[in-house]
Amino acid sequence: MYVKQFDLTYNDYMEETIFINGGRKLVGEVSVNASKNAFLPIMAGCILCDEQVCLKNYVHISDLALMREILGQLNVSSVLSGRELVLDMSKLQNNKLSHVLTQKMRASIFLLGPMLARFRSAVIAYPGGCKIGTRPIDIHIKSFKSLGAKIIEKHGYLFCNGENLKAGEVTLDFPSVGATESLMMCCVLLKGRSVLKNVAKEPEIVDLEKFLQKMGAKISGAGGDCIVIDGVDKLHGCDFSVMPDRVVAGTYILAVATCGGDALIDGAIAEHNETLLAFLRQSACNIDIEHDKIRIRVGNRLPSIDKIQTMPYPHFPTDLQSQMLVLQSVCKGNCVLKENLFESRFGIVPELIKMGANIVLNGNTAYIQGVEDLFGADVFATDLRAGAGLIIAGLKAEGYTTIHNPFYIDRGYEDIEQKLRYLGAEIKRREI
Ligand code: UD1
């Protein structure tokens, strides 16, 4: 599988392991691909039109392959050539989205909004995804109900009737990224003005707004607390380039901070990772920013950061929590790291302890006492970001590390071993 193919289906991401001989500094240049979390809602948003959409910088990761398969259930044809994905909605049909696919990815719920907008009805099996907590969808359901949708939850499915949907004002109980995106994609086709309040402000929301505008939507305010939408009758196809992945950029930055070295991360937008960069500057990392490149230079072992907590953007992201936890495990001093978004997002901790880390967990808080070094071990990825964190730990550790379940990592990182080899890492895939 590590022979690069260009049209992998979800099932092609089969079981393998990642093998690392750690203990090297990371030196060189690495580039960041387009954002998974921006791509997924944008792909869902394509069904808002009945023409073709060309997405220019496709990323070869299994979550996007899965979204293509889910769209296939709605009779959307997708043709991938290299990095160009053309989705054709001319034969779009309102079909049930069964649990066979939706249970594999939480982002399948993003289709609720566009399906309601296009068909005024939707039947979607409950979404799944990485096991990082209960991850309810009550905010999604409550919001659509407040716009007039009737939603019945039965037999693991959401049966949604949108005949009486009307534009209106919705205030989210919490700024959920997915609920904000799904609502945006519904309201662009609802007659009249919708005002969405207490929305998520993540850069991916801004990218979705740009995409919807390119399709002809009248929408503004993304990136702030309130999004205003004037519904239009119809949207059209377009070409679009999706923004770079701030989590992937942050992962490479944290890898260098943990292992030491000197690396240029190309395609990393500093503004999207300000909290992370502020923490690293506070830890005396050398960081230089030039347009869409970040250079990070780290010589000695870094001091710990006293307190870190995950919060919605622009605060420190939960998607970099595991990777940050690995860095703090080898810093000089103590760190208290609190996870406020997903209650089960500490799956990495028992694995890191196997590698010599000194971490005590109490509820949603990890107490980390930095150790001088980690040692290689056989470890298991428990979710996407925990997997990325384990790669960083393996790169730092003395000796050999084998990471099982790398299919979690393949959900969001394209060719991560090759990219790390560009930085001098000794890392490879092995079939079991
Ligand atoms: C998105 C990201 C994910 C990231 C997360 C938080 C995508 C594809 N995924 O996930 O990588 O970790 O944002 O930044 O973009 N919640 C509810 N009820 C709901 C919805 C959410 O209680 O109806 C809670 C969640 O359990 C969680 C918090 O709100 O505690 C944030 O979730 P949300 O912002 O919705 O995350 P996702 O959109 O699923």
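Counting starts at 1 for both ligands and their atoms, following the listed order.
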Worksheet item: Looking only at heavy atoms, is any part of Ile139 under 4.0 Å from ligand 1, and if so is it the side chain, the backbone, or both, or is it neither?
Response: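 Near ligand 1, Ile139 shows its backbone as well as its side chain.
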
Worksheet item: At under 4.0 Å between heavy atoms, which part of Met311 makes contact with ligand 1: side chain, backbone, both or neither?
Response: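 No part of Met311 is near ligand 1 at this cut-off.
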
Just which atoms of ligand 1 are under 4.0 Å from any heavy atom in [X]?
X      : value
Phe174 : 28 (C), 29 (O), 31 (C)
Gly178 : 35 (O), 38 (O)
Arg345 : 12 (O)

Using non-hydrogen atoms of the residue, decide whether [X] is closer than 4.0 angstrom to ligand 1.
X      : result
Met67  : no
Phe110 : yes
His140 : yes

Salt bridge check: are [X] and [Y] linked by an N-O gap of less than 4.0 Å?
X      : Y      : answer
Lys293 : Glu29  : no
Arg429 : Glu16  : yes
Asp239 : Lys56  : yes
Asp50  : Lys234 : yes
Lys197 : Glu169 : yes
Glu69  : Lys104 : no

For [atom], the option (of [options]) bearing the nearest heavy atom:
atom                    : options                       : value
atom 33 (P) of ligand 1 : Asp383, Val177, Asn37, Leu384 : Val177
atom 20 (C) of ligand 1 : Ala179, Pro136, Gly412        : Pro136
atom 35 (O) of ligand 1 : Ser176, Pro41, Pro127         : Ser176

Hey, is ligand 1 close enough to [X] that some N/O pair sits below 3.5 Å?
X      : result
Glu181 : no
Arg106 : yes
Asp138 : yes

Worksheet item: Just checking, is any N or O donor in the side chain of Asn340 or Gln309 under 3.5 Å from an acceptor N or O on the other one?
Response: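 The answer is yes; a qualifying pair exists.
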
Discussion item. Between Asp88 and Ser90, is there a side-chain donor-acceptor contact under 3.5 Å, judged purely by atom types and distance?
Written reply: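 There is such a pair between these side chains.
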
Practice prompt. Report, as yes or no, whether the 6.0 Å neighbourhood of atom CZ on Phe380 holds more than 12 heavy atoms from other residues, nucleotides or ligands.
Written response: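 Counting other residues, nucleotides and ligands, CZ of Phe380 exceeds 12 neighbours.
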
